[in-house]
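Note on naming: letters A, B, ... go to the chains in the order of the sequence lines (proteins, then strands), and numbering restarts at 1 for each one.
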Amino acid sequence: MNGNFKMIFKSGKFDVGVAIFALLLLCIVIFPLLNKEDPLKMNYTMFQPPGANLPLGADNFGRNELVELIAGGKTSLIIGILAGAIATCIGLIIGLSGGYLGGLADNILSSVTNIFIVIPSFIILVLISVSISSRSFLTTALVIGFTSWPWTARAVRAQTISLRNRDHVNLAKVSGYSVPKIIVMEILPYIASYVGMAFILQVASGILSEATISMLGLGPQNTVTLGLMLNWATMYEAHMSGAWWAFVPPVLMIALITFSLNLMNTGLDQVFNPQIRS
Amino acid sequence: MKSYRKYMTSKIAWYVLTFVVAVFLNFLLPRLIPGNPVSTIVSKITSGMADTNSIKRVYETFEKEFGLNKPIWEQFMIYVSNLFHGNMGTSFGQYPRKVTDILASSIVWTIGLQLPAIIVSWILGNVLGVLAAYVKKGFDRILFPVFLFISCIPSFGFAIVMVWLFAVALKIAPASGGYAFDMIPSPTFSFFLSVLQHYQLPFWSIVLVGIGGQSLGMREMSIYELNADYVKYCRLLGLRDSKIVKYVFKNAVLPQITGLALSLGTMVGGALITEIVFSYPGLGSVLFNAIAAQDFPLISGCTLLITTGVLVANFLIDIAYGLIDPRIKVAQRE
């Protein structure tokens, strides 16, 4: 395990990804301690350009763009992590049990998975969000999590099937271990690296999903997220009045967070899939 | 051929089942909203009307369209039989226009914008991907992070920046709409020119973001192929680089067809929102306005149309795979 750990950090891509992510995380944690301004308070004029004590200017409601950006980044990241955790858990449970149990249970579970892979999750996301009249960032995270598990489930199932008849698993079976115990002790450790990578990608796509449905006007309410900032900027036509500070920072922030996560993922991929190691 | 028929039949059965589930979700989810959507909508529409008779008539029309006075399973039957007759109900927000009419006029714009954009970005992305894998070293070390970063920018975010840069700051292209606002769609040259001008920015903003994702997948597949024995053999034979790249491309591009299917899926998600930024008269804008107006029949119509599109695209690709890919052919024989 220790050797693996060293190998991971040997990957330059992983290191750069971690560095960018850690830097963003540090900003998100430290900045609110230094600047206690309320991100939703309207202290300035509409689209006030950047100035001495307003580094990124003000948005359409006259709110401090920098304070908003940090708060929005935090909420978006939390939404992404929650959604990713939910999706990964559901995917794991369905994939592991289908793959290990086989038979009828597998048939049912993989049919459900296949159906939800083909129906675009974006559509289900829109339909559920429309039907929920009041949305907090928690409900948004839940809904995104519940719509994005199928890919993880399919991949975990495939990996579980390839592990199902290994010697150590059969030994555990003969020793009379219970099914949940075999799955957790004998199969899960072997796919842990893969699940970790899938989780990282789920977080990244969760952040993008939040931004997408917020742009449709279906985002969370009474909070700031990167998607909501973009939604406000387009609704009040910041791009038409040249107020670049209202939309360039959130776009960059989304891109940077997902970029760092994707870099980590490719770095891990190179470690665990030596075939594409260059 | 017998095995291919078996493959086809099972695929068709799967897609039919998936479609039924999609229709059911599409019917059920909007109806889970607490409260009566009809009365809220009707009170909004009739806010200026004084005549109680006509208010009542509007309400009854809506209730009949929506069939809200019947039990839910009966409503579902009516919904499905209406769908079979090509009837998706009447729009709330654009009353009394039919949902199918609204969709028919907007789908043309969406397909006209997205299909060429996706195909162009698929071709460019794949060519760049194989080059990045083959040239390696410095080229790849710069290009890979660049591709990855671009693919991380949401297409609508990219679109906002494009409008600001090219329409507002540089004034090269018009910022919004599908054609100049003072024109009426007609088969004239000036209208065509206007459409072309308005096409520029949305098209490139989808293409550029798409290139990133496609090239990443192609790069990975090509690296995989470059390690194969036939490439070493070609090198030993002293074949020209351009010839080897051609072989690698041919072998690596097949799995990328799945990438094409996936981007048809994301065209529905990510790039549809691009239309909102440009107020492009396609499905994305229709969906956006329908959500803002709580126009449930129109929302359902949009989502069902999009789902059907994705299902059909996936189905066609599955069929093509069954015909082209020797690996699947072998699996069929077993």
Region of [X] in contact with chain B, defined by heavy-atom distances below 4.5 Å:
{"X": "I207(A)", "answer": "neither"}
{"X": "V126(A)", "answer": "side chain"}
{"X": "S111(A)", "answer": "both"}
{"X": "L252(A)", "answer": "side chain"}
{"X": "M235(A)", "answer": "side chain"}

Quiz item: Checking A22(B) against chain A: side chain, backbone, both or neither under 4.5 Å from a heavy atom?
Solution: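 For A22(B), heavy atoms of backbone and side chain both lie under 4.5 Å from chain A.
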
Exercise. Sort I276(B) into side chain, backbone, both or neither according to what part of it lies under 4.5 angstrom from a heavy atom of chain A.
Key: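 Answer is side chain: those atoms of I276(B) sit under 4.5 Å from chain A.
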
How long is the straight-line distance from [atom2] of [Y] back to [atom1] of [X], given to the nearest 0.5 Å?
{"X": "I257(A)", "Y": "C152(B)", "atom1": "CD1", "atom2": "SG", "value": "11.0 Å"}
{"X": "S151(B)", "Y": "N262(A)", "atom1": "OG", "atom2": "CG", "value": "6.0 Å"}
{"X": "I123(A)", "Y": "T307(B)", "atom1": "CD1", "atom2": "OG1", "value": "4.5 Å"}
{"X": "T274(B)", "Y": "M215(A)", "atom1": "OG1", "atom2": "CE", "value": "8.5 Å"}
{"X": "I273(B)", "Y": "L230(A)", "atom1": "CD1", "atom2": "CG", "value": "11.5 Å"}
{"X": "I124(A)", "Y": "L25(B)", "atom1": "CD1", "atom2": "CG", "value": "5.5 Å"}

Residue, of [options], that accumulates the most heavy atom pairs under 4.5 Å with chain B:
{"options": "S121(A), S260(A), G242(A), A238(A)", "answer": "G242(A)"}
{"options": "S129(A), A211(A), G217(A)", "answer": "A211(A)"}
{"options": "V118(A), V16(A), T234(A)", "answer": "V118(A)"}

Exercise. Report the option among V163(B), L216(B), L226(B) that has the most heavy-atom pairs separated by less than 4.5 Å from atoms of chain A.
Key: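 Most heavy-atom pairs within the cutoff with chain A belong to V163(B).
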
Practice problem: Just give me the residue among L17(B), T308(B), N26(B) that pairs up with chain A most often, heavy atom to heavy atom, under 4.5 Å. | Solution: N26(B)

State, with a plain yes or no, whether a side-chain heavy atom of [X] is found less than 4.5 Å away from one of [Y].
{"X": "T266(A)", "Y": "F144(B)", "answer": "yes"}
{"X": "V161(B)", "Y": "H239(A)", "answer": "no"}
{"X": "L256(A)", "Y": "F149(B)", "answer": "yes"}
{"X": "F156(B)", "Y": "L216(A)", "answer": "no"}
{"X": "V251(A)", "Y": "I153(B)", "answer": "yes"}
{"X": "L29(B)", "Y": "V130(A)", "answer": "no"}
{"X": "K13(A)", "Y": "L148(B)", "answer": "no"}
{"X": "T18(B)", "Y": "F116(A)", "answer": "no"}

Quiz item: Are there more than 12 heavy atoms of other residues, nucleotides or ligands under 6.0 Å from atom CZ of F315(B)?
Solution: yes

Quiz item: So with a 6.0 Å cut-off around CH2 of W14(B), is the heavy-atom count from everything else above 12?
Solution: yes

Practice problem: If the plane angle is over 60° it's perpendicular, under 30° parallel, otherwise tilted; pick one for F247(A) and W164(B). | Solution: perpendicular

Quiz prompt | Reference residue P154(B); test side chain to side chain contact (heavy atoms under 4.5 Å, CB included); the match among I254(A), T258(A), L226(A) | solution =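 Exactly one candidate clears the test, I254(A).
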
